[in-house]
Amino acid sequence: MAEDSDMEKTEPASQQRLEKAREEGDVPRSRELATCLLLLTAGFIFLFAGDGLIRSLKDVLVSGLAFDRGQVFDADVLLTRIGGNVVEVMAVFLPFGVLLMVVAIASPLLLGGWLFSAKALQPNFGRMNPIKGLTNIISTKALVELGKAVGKTLLVGVVAWIVIWREKDAVLALALEPMRTSGTHLGEILSISFIAIACALLLIVLIDVPYQIWQYASKLKMTRQEIIQESKESDGNPQIKAKIRAQQREMARRRMMSEVPNADVIVTNPTHFAVALKYAEAGMRAPKVVAKGADAVAAKIRELASENDVPLLAAPALARALYKHAELGDEIPEALYTAVAEVLAYVFQLRTYRQQGGICPAAPDNLDVPFELDPKNAMT
């Protein structure tokens, strides 16, 4: 059961999958939205600028039909005039054509945004598979498209019938109007009727846009296994990363252990903690922690110290404070200067005793460790 649930596409698409789909030219689109915007734009153009457009075409037509007898028998002049008339007609329609083109290009920005993908232009021979084509014909998407087509036909038909029925008296009255005013009146009736029918498509758009968003999200849904695999590919395999971190810790521990033989003293708990200190008057402002560890690592530090004749000093409070408040490679906290100074003084005396003999120095006791720096005191 768990394996079946892992193979079900129940998880929303990740950002990486959305970006990959976008690179392949796959974004949510609504043809109904673009069609509705184009029809509305065309309707308002003819409503507000149709009169001027008709007058401009009328002028071009009058100019084209006015010529003298000499031009009729001169083919060159006739072709020149025809070419000029074509240019004039194109100049009249150019602003409206540009406006419609801008709307057609900008409409995708409302859903899915502007996108150009070279992958979408590459040939896909899988689309030529007849079995896949048959599957697409009887798919849910095809049924939805069929429903939209039937809905648009019924909606446009009903709205067109209502509009025509309301304007029937005005259309019949055009026969009684003068030719000059009836043409303008007819243009207004046609423009308003066209816009009303185009507005009816807004209902289809309000249904289609949410559906396209939902259908796109459903198509890109992922299984839990795909989420896990994608995470491994993007972030790396957790097992490999854990192994790398373990190797890094091991290398750091080895570098730390290599500093133990050169330390001046090892301050111990005496069994739970071990901190190796080193101090050189020439290059250090204060003693530094060159190695530290707890439990097994502390035991290894003590072992290396014994093998290399590095002094061991049991000072539980100081060892705990150094382990807690001093990072590897850092100078000791200023509050521990006094206690560490006593320790180093003992170490230097012990070094002199070992080299020259004499009276063995006594290990320092009751070191001055601030109460708040001892982790043991914080627990009480």
Side-chain angles (χ1 to χ4, degrees), residues 1-41 100-156 198-238 241:
M1 294 294 291
E3 292 182 358
D4 292 339
S5 63
D6 287 344
M7 297 305 294
E8 293 179 0
K9 293 187 175 184
T10 57
E11 305 300 319
S14 64
Q15 185 62 33
Q16 182 176 346
R17 180 151 191 169
L18 291 174
E19 292 176 357
K20 183 179 180 181
R22 190 172 182 83
E23 290 176 358
E24 294 175 352
D26 188 6
V27 293
R29 290 286 189 234
S30 174
R31 287 180 293 180
E32 313 304 329
L33 177 61
T35 302
C36 184
L37 288 177
L38 280 173
L39 292 177
L40 286 174
T41 303
L100 290 175
M101 183 176 65
V102 170
V103 172
I105 294 175
S107 57
L109 296 175
L110 299 177
L111 182 63
W114 176 251
L115 175 67
F116 177 80
S117 174
K119 291 185 178 180
L121 301 177
Q122 296 176 358
N124 186 358
F125 296 103
R127 297 176 181 174
M128 301 175 63
N129 188 342
I131 298 177
K132 186 176 180 180
L134 182 62
T135 303
N136 292 334
I137 292 175
I138 60 176
S139 65
T140 304
K141 184 177 180 180
L143 293 176
V144 171
E145 293 296 328
L146 177 61
K148 287 195 300 183
V150 173
K152 282 192 296 184
T153 302
L154 293 176
L155 184 62
V156 170
C199 286
L201 295 178
L202 287 175
L203 181 60
I204 300 294
V205 172
L206 293 176
I207 297 174
D208 185 60
V209 170
Y211 170 76
Q212 294 297 337
I213 296 174
W214 173 83
Q215 192 267 341
Y216 180 76
S218 299
K219 181 178 66 173
L220 294 184
K221 275 187 176 180
M222 305 172 68
T223 64
R224 292 182 180 178
Q225 184 61 34
E226 288 174 335
I227 292 286
I228 295 173
Q229 185 63 31
E230 184 182 275
S231 177
K232 287 181 179 179
E233 293 175 355
S234 59
D235 300 333
N237 192 314
K241 293 178 68 176

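Residue numbers count from 1 along this sequence. If you're wondering where the values come from, they're calculated on a predicted model, not measured in any experiment. Values below: all heavy atoms of this structure, side chains included; hydrogens, waters and symmetry mates excluded.
- The only option from Leu33, Leu39, Leu40 that meets the side chain to side chain contact (heavy atoms under 4.5 Å, CB included) definition with Cys36 turns out to be Leu40.
- Distance check: Gln215 CD to Leu220 CG gives 9.0 Å after rounding to the nearest 0.5 Å.
- The residue from Val209, Asp208, Leu203, Ile207 that alone fulfils the side chain to side chain contact (heavy atoms under 4.5 Å, CB included) condition with Val205 is Val209.
- Nearest approach of Pro28 to Gln212, heavy atoms of both residues: CB-O, 4.2 Å.
- Ser107 pairs with exactly one of Leu37, Thr35, Thr41 by the side chain to side chain contact (heavy atoms under 4.5 Å, CB included) rule, that one being Leu37.
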